[in-house]
Protein chains: 2
Amino acid sequence: MAYAEQYIDKLRKSGLRPTKQRIKICKVLFNTDKTFHFTIKELVKIIENQANIKVSLATVYNTVHAFIKKGYLKEIPLNASQSYYDTNVTHHHHFFDEEENRLIDIHQDDVDEVNIKKTIPGKKIKSVEVIAKIVSDNQSQK
Amino acid sequence: MAYAEQYIDKLRKSGLRPTKQRIKICKVLFNTDKTFHFTIKELVKIIENQANIKVSLATVYNTVHAFIKKGYLKEIPLNASQSYYDTNVTHHHHFFDEEENRLIDIHQDDVDEVNIKKTIPGKKIKSVEVIAKIVSDNQSQK
DNA sequence: TAATACATTATATTTATTCTAAACTGTTGA
DNA sequence: TCAACAGTTTAGAATAAATATAATGTATTA
Ligand SMILES: [Mn+2]
Ligand SMILES: [Mn+2]
Ligand SMILES: [Zn+2]
Ligand SMILES: [Zn+2]
(Lines give C-alpha, C1' and ligand atoms only; values in the text may rest on other atoms or scores of the structure.)
(Ligands and ions follow the chains in the order given, each with its own letter.)
Protein backbone atom coordinates (compact mmCIF):
# COMPACT_ATOMS: atom_id res chain seq x y z
CA MET A 1 0.00 0.00 0.00
CA ALA A 2 1.14 3.47 -0.86
CA TYR A 3 0.36 4.99 2.48
CA ALA A 4 2.74 2.66 4.22
CA GLU A 5 5.49 4.22 2.14
CA GLN A 6 4.68 7.59 3.60
CA TYR A 7 4.95 6.28 7.11
CA ILE A 8 8.22 4.58 6.38
CA ASP A 9 9.41 7.84 4.93
CA LYS A 10 8.30 9.84 7.96
CA LEU A 11 9.97 7.38 10.28
CA ARG A 12 13.22 7.29 8.34
CA LYS A 13 13.31 11.08 8.21
CA SER A 14 12.81 11.12 11.96
CA GLY A 15 15.82 8.88 12.34
CA LEU A 16 13.76 5.84 13.23
CA ARG A 17 13.60 2.45 11.61
CA PRO A 18 10.16 1.50 10.36
CA THR A 19 9.24 -1.23 12.77
CA LYS A 20 5.75 -2.60 12.98
CA GLN A 21 5.04 -0.85 16.26
CA ARG A 22 6.06 2.48 14.81
CA ILE A 23 4.09 1.95 11.62
CA LYS A 24 1.06 1.19 13.74
CA ILE A 25 1.55 4.47 15.57
CA CYS A 26 1.81 6.25 12.22
CA LYS A 27 -1.40 4.70 11.01
CA VAL A 28 -3.29 5.95 14.00
CA LEU A 29 -1.77 9.40 13.74
CA PHE A 30 -1.68 10.03 10.02
CA ASN A 31 -4.10 7.66 8.28
CA THR A 32 -6.99 10.11 8.38
CA ASP A 33 -8.17 13.17 6.52
CA LYS A 34 -8.80 15.09 9.67
CA THR A 35 -6.12 16.16 12.06
CA PHE A 36 -6.79 15.69 15.74
CA HIS A 37 -5.58 16.34 19.26
CA PHE A 38 -4.63 13.65 21.70
CA THR A 39 -2.96 12.78 24.94
CA ILE A 40 -0.51 9.90 25.17
CA LYS A 41 -3.04 7.96 27.20
CA GLU A 42 -5.67 8.42 24.51
CA LEU A 43 -3.23 7.44 21.78
CA VAL A 44 -2.34 4.25 23.60
CA LYS A 45 -6.02 3.45 23.99
CA ILE A 46 -6.69 3.95 20.27
CA ILE A 47 -3.79 1.69 19.40
CA GLU A 48 -4.98 -0.97 21.80
CA ASN A 49 -8.49 -0.87 20.37
CA GLN A 50 -7.40 -1.11 16.76
CA ALA A 51 -4.39 -3.26 16.86
CA ASN A 52 -3.42 -6.81 16.95
CA ILE A 53 -0.01 -5.78 18.16
CA LYS A 54 1.12 -4.54 21.51
CA VAL A 55 2.96 -1.25 21.72
CA SER A 56 4.59 -0.25 24.95
CA LEU A 57 4.22 3.16 26.54
CA ALA A 58 7.94 3.83 26.14
CA THR A 59 7.77 3.26 22.40
CA VAL A 60 4.78 5.55 22.08
CA TYR A 61 6.51 8.33 24.00
CA ASN A 62 9.73 7.91 22.09
CA THR A 63 8.06 7.90 18.71
CA VAL A 64 5.85 10.89 19.51
CA HIS A 65 8.85 12.86 20.68
CA ALA A 66 10.84 11.97 17.60
CA PHE A 67 7.96 13.23 15.46
CA ILE A 68 7.70 16.45 17.46
CA LYS A 69 11.39 17.06 17.02
CA LYS A 70 11.03 16.52 13.30
CA GLY A 71 7.90 18.67 13.07
CA TYR A 72 5.38 15.96 12.26
CA LEU A 73 3.52 16.61 15.50
CA LYS A 74 3.08 19.60 17.75
CA GLU A 75 2.79 19.84 21.50
CA ILE A 76 0.07 22.23 22.65
CA PRO A 77 0.72 24.45 25.63
CA LEU A 78 -2.13 23.89 28.03
CA ASN A 79 -2.37 24.34 31.69
CA ALA A 80 -2.72 20.75 32.61
CA SER A 81 -0.81 18.03 34.27
CA GLN A 82 -0.63 16.22 30.99
CA SER A 83 0.52 17.16 27.52
CA TYR A 84 -1.73 17.51 24.53
CA TYR A 85 -0.44 16.73 21.08
CA ASP A 86 -1.66 17.84 17.69
CA THR A 87 -1.39 16.18 14.31
CA ASN A 88 -2.10 19.56 12.73
CA VAL A 89 1.35 21.07 12.38
CA THR A 90 0.32 24.14 10.44
CA HIS A 91 0.35 27.46 12.22
CA HIS A 92 -2.98 27.75 13.96
CA HIS A 93 -4.66 28.60 17.23
CA HIS A 94 -7.01 26.89 19.67
CA PHE A 95 -10.14 27.03 21.64
CA PHE A 96 -9.89 25.03 24.82
CA ASP A 97 -13.21 23.86 26.14
CA GLU A 98 -12.68 23.81 29.87
CA GLU A 99 -15.80 21.82 30.55
CA GLU A 100 -15.10 19.00 28.11
CA ASN A 101 -11.29 19.26 28.24
CA ARG A 102 -11.24 19.45 24.49
CA LEU A 103 -9.09 21.38 22.03
CA ILE A 104 -10.63 22.86 18.90
CA ASP A 105 -8.59 24.31 16.05
CA ILE A 106 -8.88 27.90 14.96
CA HIS A 107 -7.47 28.42 11.50
CA GLN A 108 -4.87 31.08 11.17
CA ASP A 109 -7.23 32.89 8.79
CA ASP A 110 -9.80 33.18 11.56
CA VAL A 111 -7.52 35.28 13.71
CA ASP A 112 -6.04 38.57 12.63
CA GLU A 113 -2.26 38.58 12.67
CA VAL A 114 -1.22 39.05 16.29
CA ASN A 115 0.91 42.16 16.36
CA ILE A 116 3.09 42.47 19.45
CA LYS A 117 4.58 45.92 19.93
CA LYS A 118 6.92 44.96 22.74
CA THR A 119 10.34 43.52 21.97
CA ILE A 120 13.00 41.91 24.13
CA PRO A 121 16.59 42.88 23.31
CA GLY A 122 18.58 39.99 21.90
CA LYS A 123 15.51 37.85 21.48
CA LYS A 124 13.30 37.08 18.55
CA ILE A 125 9.83 35.64 18.39
CA LYS A 126 9.80 32.00 17.41
CA SER A 127 6.04 31.38 17.53
CA VAL A 128 2.83 33.03 18.59
CA GLU A 129 -0.08 31.02 19.85
CA VAL A 130 -3.51 32.12 20.90
CA ILE A 131 -5.53 30.05 23.32
CA ALA A 132 -9.12 31.06 23.89
CA LYS A 133 -10.83 29.33 26.75
CA ILE A 134 -14.49 28.69 26.15
CA VAL A 135 -17.35 27.72 28.42
CA SER A 136 -21.05 27.05 27.98
CA ASP A 137 -22.98 30.12 27.00
CA ASN A 138 -25.93 29.80 29.34
CA GLN A 139 -27.97 32.68 28.07
CA SER A 140 -29.81 34.54 30.78
CA GLN A 141 -32.96 32.46 30.94
CA LYS A 142 -35.79 34.50 29.44
CA MET B 1 1.00 47.42 59.93
CA ALA B 2 -1.51 48.38 57.32
CA TYR B 3 -0.39 45.86 54.75
CA ALA B 4 -1.10 42.98 57.07
CA GLU B 5 -4.72 44.09 57.03
CA GLN B 6 -4.80 43.61 53.28
CA TYR B 7 -3.47 40.11 53.57
CA ILE B 8 -5.95 39.25 56.28
CA ASP B 9 -8.65 40.63 54.04
CA LYS B 10 -7.47 38.62 51.04
CA LEU B 11 -7.33 35.47 53.11
CA ARG B 12 -10.75 36.00 54.69
CA LYS B 13 -12.27 36.68 51.26
CA SER B 14 -10.67 33.45 50.04
CA GLY B 15 -12.39 31.61 52.85
CA LEU B 16 -9.19 31.12 54.79
CA ARG B 17 -8.32 32.14 58.30
CA PRO B 18 -5.29 34.41 58.53
CA THR B 19 -2.75 32.13 60.10
CA LYS B 20 0.89 33.04 60.28
CA GLN B 21 1.83 30.58 57.56
CA ARG B 22 -0.72 32.06 55.20
CA ILE B 23 0.24 35.64 56.01
CA LYS B 24 3.84 34.73 55.25
CA ILE B 25 2.77 33.41 51.86
CA CYS B 26 0.86 36.66 51.27
CA LYS B 27 3.88 38.74 52.11
CA VAL B 28 6.00 36.94 49.59
CA LEU B 29 3.30 37.16 46.94
CA PHE B 30 1.87 40.62 47.43
CA ASN B 31 4.32 42.75 49.42
CA THR B 32 6.01 44.15 46.33
CA ASP B 33 5.37 46.78 43.71
CA LYS B 34 6.20 44.47 40.89
CA THR B 35 4.16 41.44 39.99
CA PHE B 36 6.06 38.29 39.19
CA HIS B 37 5.81 34.75 37.93
CA PHE B 38 6.70 31.71 39.97
CA THR B 39 6.52 27.98 40.30
CA ILE B 40 5.52 26.36 43.58
CA LYS B 41 9.07 25.17 44.03
CA GLU B 42 10.38 28.69 43.64
CA LEU B 43 7.77 30.10 46.02
CA VAL B 44 8.72 27.58 48.68
CA LYS B 45 12.37 28.50 48.25
CA ILE B 46 11.64 32.21 48.65
CA ILE B 47 9.67 31.54 51.81
CA GLU B 48 12.45 29.37 53.20
CA ASN B 49 15.02 32.05 52.54
CA GLN B 50 13.04 34.88 54.11
CA ALA B 51 11.20 33.28 56.91
CA ASN B 52 11.72 32.25 60.42
CA ILE B 53 8.68 30.02 60.11
CA LYS B 54 8.26 26.74 58.33
CA VAL B 55 5.52 26.39 55.77
CA SER B 56 4.73 22.99 54.41
CA LEU B 57 4.28 22.24 50.74
CA ALA B 58 0.67 21.26 51.29
CA THR B 59 -0.14 24.63 52.83
CA VAL B 60 1.54 26.45 49.97
CA TYR B 61 -0.41 24.48 47.38
CA ASN B 62 -3.68 24.90 49.22
CA THR B 63 -3.25 28.64 49.70
CA VAL B 64 -2.17 29.25 46.13
CA HIS B 65 -5.17 27.32 44.84
CA ALA B 66 -7.55 29.24 47.10
CA PHE B 67 -6.13 32.50 45.73
CA ILE B 68 -6.46 31.30 42.16
CA LYS B 69 -10.09 30.38 42.77
CA LYS B 70 -10.69 33.83 44.20
CA GLY B 71 -8.80 35.57 41.43
CA TYR B 72 -5.82 36.85 43.41
CA LEU B 73 -3.45 34.72 41.38
CA LYS B 74 -3.48 33.32 37.86
CA GLU B 75 -2.16 30.06 36.49
CA ILE B 76 -0.30 30.44 33.19
CA PRO B 77 -0.79 27.82 30.49
CA LEU B 78 2.64 26.63 29.53
CA ASN B 79 3.79 23.48 27.99
CA ALA B 80 5.68 22.15 30.92
CA SER B 81 5.47 19.46 33.48
CA GLN B 82 5.03 22.11 36.10
CA SER B 83 2.62 24.98 36.59
CA TYR B 84 3.56 28.63 36.46
CA TYR B 85 1.69 31.17 38.52
CA ASP B 86 1.33 34.91 38.12
CA THR B 87 0.69 37.62 40.68
CA ASN B 88 -0.40 39.87 37.83
CA VAL B 89 -4.10 39.12 37.53
CA THR B 90 -4.89 41.79 34.98
CA HIS B 91 -5.60 40.71 31.43
CA HIS B 92 -2.24 40.44 29.73
CA HIS B 93 -0.10 38.23 27.56
CA HIS B 94 3.31 36.60 27.74
CA PHE B 95 6.59 35.98 26.16
CA PHE B 96 8.06 32.66 27.18
CA ASP B 97 11.79 32.51 26.91
CA GLU B 98 12.45 28.91 26.07
CA GLU B 99 16.13 29.12 26.80
CA GLU B 100 15.84 30.63 30.25
CA ASN B 101 12.43 29.15 31.06
CA ARG B 102 11.19 32.58 31.98
CA LEU B 103 7.88 34.33 31.51
CA ILE B 104 7.76 38.02 30.60
CA ASP B 105 4.58 40.09 30.67
CA ILE B 106 3.19 41.75 27.59
CA HIS B 107 0.72 44.46 28.48
CA GLN B 108 -2.67 44.22 26.90
CA ASP B 109 -1.94 47.56 25.22
CA ASP B 110 1.04 46.04 23.46
CA VAL B 111 -1.11 43.54 21.58
CA ASP B 112 -3.95 44.52 19.30
CA GLU B 113 -7.27 43.08 20.40
CA VAL B 114 -7.29 39.46 19.26
CA ASN B 115 -10.31 39.11 17.04
CA ILE B 116 -11.43 35.52 16.54
CA LYS B 117 -13.89 35.07 13.71
CA LYS B 118 -14.77 31.47 14.48
CA THR B 119 -17.47 30.69 17.02
CA ILE B 120 -18.58 27.47 18.66
CA PRO B 121 -22.35 27.04 19.07
CA GLY B 122 -23.44 27.13 22.70
CA LYS B 123 -20.05 28.31 23.85
CA LYS B 124 -18.69 31.71 24.70
CA ILE B 125 -15.13 32.89 25.04
CA LYS B 126 -14.02 33.25 28.63
CA SER B 127 -10.47 34.42 28.07
CA VAL B 128 -7.94 34.89 25.31
CA GLU B 129 -4.26 34.50 25.95
CA VAL B 130 -1.33 34.98 23.65
CA ILE B 131 1.92 33.19 24.28
CA ALA B 132 4.87 34.17 22.14
CA LYS B 133 7.85 31.92 22.44
CA ILE B 134 11.14 33.72 22.13
CA VAL B 135 14.69 32.57 21.55
CA SER B 136 18.07 34.25 21.20
CA ASP B 137 18.35 36.34 18.09
CA ASN B 138 21.75 35.22 16.89
CA GLN B 139 22.14 37.60 14.01
CA SER B 140 23.93 36.12 11.06
CA GLN B 141 27.52 36.84 12.05
CA LYS B 142 28.85 39.59 9.83
C1' DT C 1 25.19 -17.41 9.63
C1' DA C 2 27.36 -14.46 12.97
C1' DA C 3 28.27 -10.11 14.53
C1' DT C 4 26.46 -5.94 15.26
C1' DA C 5 23.31 -2.16 15.75
C1' DC C 6 19.03 -0.88 16.83
C1' DA C 7 14.16 -1.64 19.14
C1' DT C 8 10.88 -3.07 22.33
C1' DT C 9 9.44 -3.98 26.60
C1' DA C 10 8.70 -4.51 31.59
C1' DT C 11 10.01 -2.37 35.23
C1' DA C 12 12.08 1.15 38.07
C1' DT C 13 12.73 5.97 38.81
C1' DT C 14 11.72 10.76 38.99
C1' DT C 15 8.98 14.54 39.96
C1' DA C 16 4.82 17.52 40.48
C1' DT C 17 0.79 17.34 42.71
C1' DT C 18 -2.76 15.74 45.77
C1' DC C 19 -4.37 13.12 49.68
C1' DT C 20 -4.43 11.49 54.43
C1' DA C 21 -4.34 11.30 59.04
C1' DA C 22 -2.43 12.78 63.14
C1' DA C 23 -0.93 16.55 65.87
C1' DC C 24 -1.65 21.41 66.74
C1' DT C 25 -3.96 26.03 67.50
C1' DG C 26 -7.22 29.42 68.24
C1' DT C 27 -11.99 30.44 69.45
C1' DT C 28 -16.04 29.93 72.05
C1' DG C 29 -19.21 29.34 75.63
C1' DA C 30 -20.30 26.90 80.01
C1' DT D 1 -10.91 29.20 83.15
C1' DC D 2 -10.75 25.63 80.33
C1' DA D 3 -12.90 21.84 77.75
C1' DA D 4 -14.81 21.16 73.41
C1' DC D 5 -14.63 22.09 68.77
C1' DA D 6 -13.60 23.64 64.23
C1' DG D 7 -10.23 24.56 61.44
C1' DT D 8 -5.00 24.25 60.32
C1' DT D 9 -0.49 22.48 59.58
C1' DT D 10 2.37 19.00 58.64
C1' DA D 11 4.99 14.74 57.41
C1' DG D 12 4.57 11.38 54.84
C1' DA D 13 1.91 8.42 51.64
C1' DA D 14 -0.39 8.04 47.32
C1' DT D 15 -0.99 9.18 42.48
C1' DA D 16 0.11 9.80 37.87
C1' DA D 17 2.84 11.59 33.87
C1' DA D 18 7.02 11.23 32.03
C1' DT D 19 11.57 9.36 31.59
C1' DA D 20 15.38 6.10 32.33
C1' DT D 21 17.25 1.51 32.57
C1' DA D 22 18.56 -2.78 31.32
C1' DA D 23 17.39 -7.16 29.60
C1' DT D 24 15.52 -9.38 25.67
C1' DG D 25 14.26 -9.40 20.87
C1' DT D 26 14.83 -8.21 15.90
C1' DA D 27 16.84 -6.58 11.70
C1' DT D 28 20.82 -5.62 8.92
C1' DT D 29 24.90 -6.77 6.76
C1' DA D 30 29.51 -8.68 6.28
MN1 LIG E 1 7.81 16.50 26.15
MN1 LIG F 1 -3.82 23.28 39.66
ZN1 LIG G 1 -4.76 22.03 16.77
ZN1 LIG H 1 2.25 37.63 33.66
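Only heavy atoms go into these numbers, but all of them, side chains included; no hydrogens, no water, no symmetry mates. Quick note on labels: first sequence line is chain A, next is B, and so on, each numbered from 1.
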With respect to the phosphate group of C:dT18, does any side-chain polar atom (N or O) of B:Y61 fall under 4.0 Å of OP1 or OP2? no
For B:Y61, check ring-ring contact (aromatic ring centres under 6.0 Å, His included) against everything at least two apart and list the hits. none
Per-nt protein contacts along nucleotides 6-11 of chain C (heavy atom under 4.0 Å; B base, S backbone sugar-phosphate only, - none) come out as SSSBB-
Could you state the CG-C1' distance from B:L43 to C:dA16, rounded to the nearest angstrom? 15 Å
If I take atom CD in residue A:E75 and atom P in nucleotide D:dA17, what distance separates them, rounded to the nearest angstrom? 15 Å
Taking ILVMFWY side chains as joined if any heavy atoms are under 4.5 angstrom apart, and letting links pass through other members, which residues group with A:V130? A:F95, A:I104, A:I106, A:V111, A:V114, A:I116, A:I120, A:I125, A:V128, A:I134, B:F95, B:I104, B:I106, B:V111, B:V114, B:I116, B:I120, B:I125, B:V128, B:V130, B:I134
Round to a whole Å and report the spacing from CD1 of B:I23 to P of D:dT8. 12 Å
Protein-nucleotide distance (B:I25, atom CD1; D:dT10, atom P), rounded to Å: 9 Å
Residue pairs fulfilling salt bridge (charged side-chain N to carboxylate O under 4.0 Å, His left out) with at least one residue in residues 12-25 of chain A, sequence neighbours excluded: A:D9-A:K13
Phosphate OP1/OP2 of D:dT19: any A:H65 side-chain N/O under 4.0 Å: yes
Going by chain and number, the hydrophobic cluster around B:V89 (ILVMFWY, side chain to side chain under 4.5 Å) further includes none
Please list, chain by chain and in numerical order, all residues satisfying side chain to side chain contact (heavy atoms under 4.5 Å, CB included) with A:E42, sequence neighbours excluded. A:F38, A:T39
Closest non-hydrogen atom pair, B:S136 against A:K123: OG-NZ, 3.7 Å
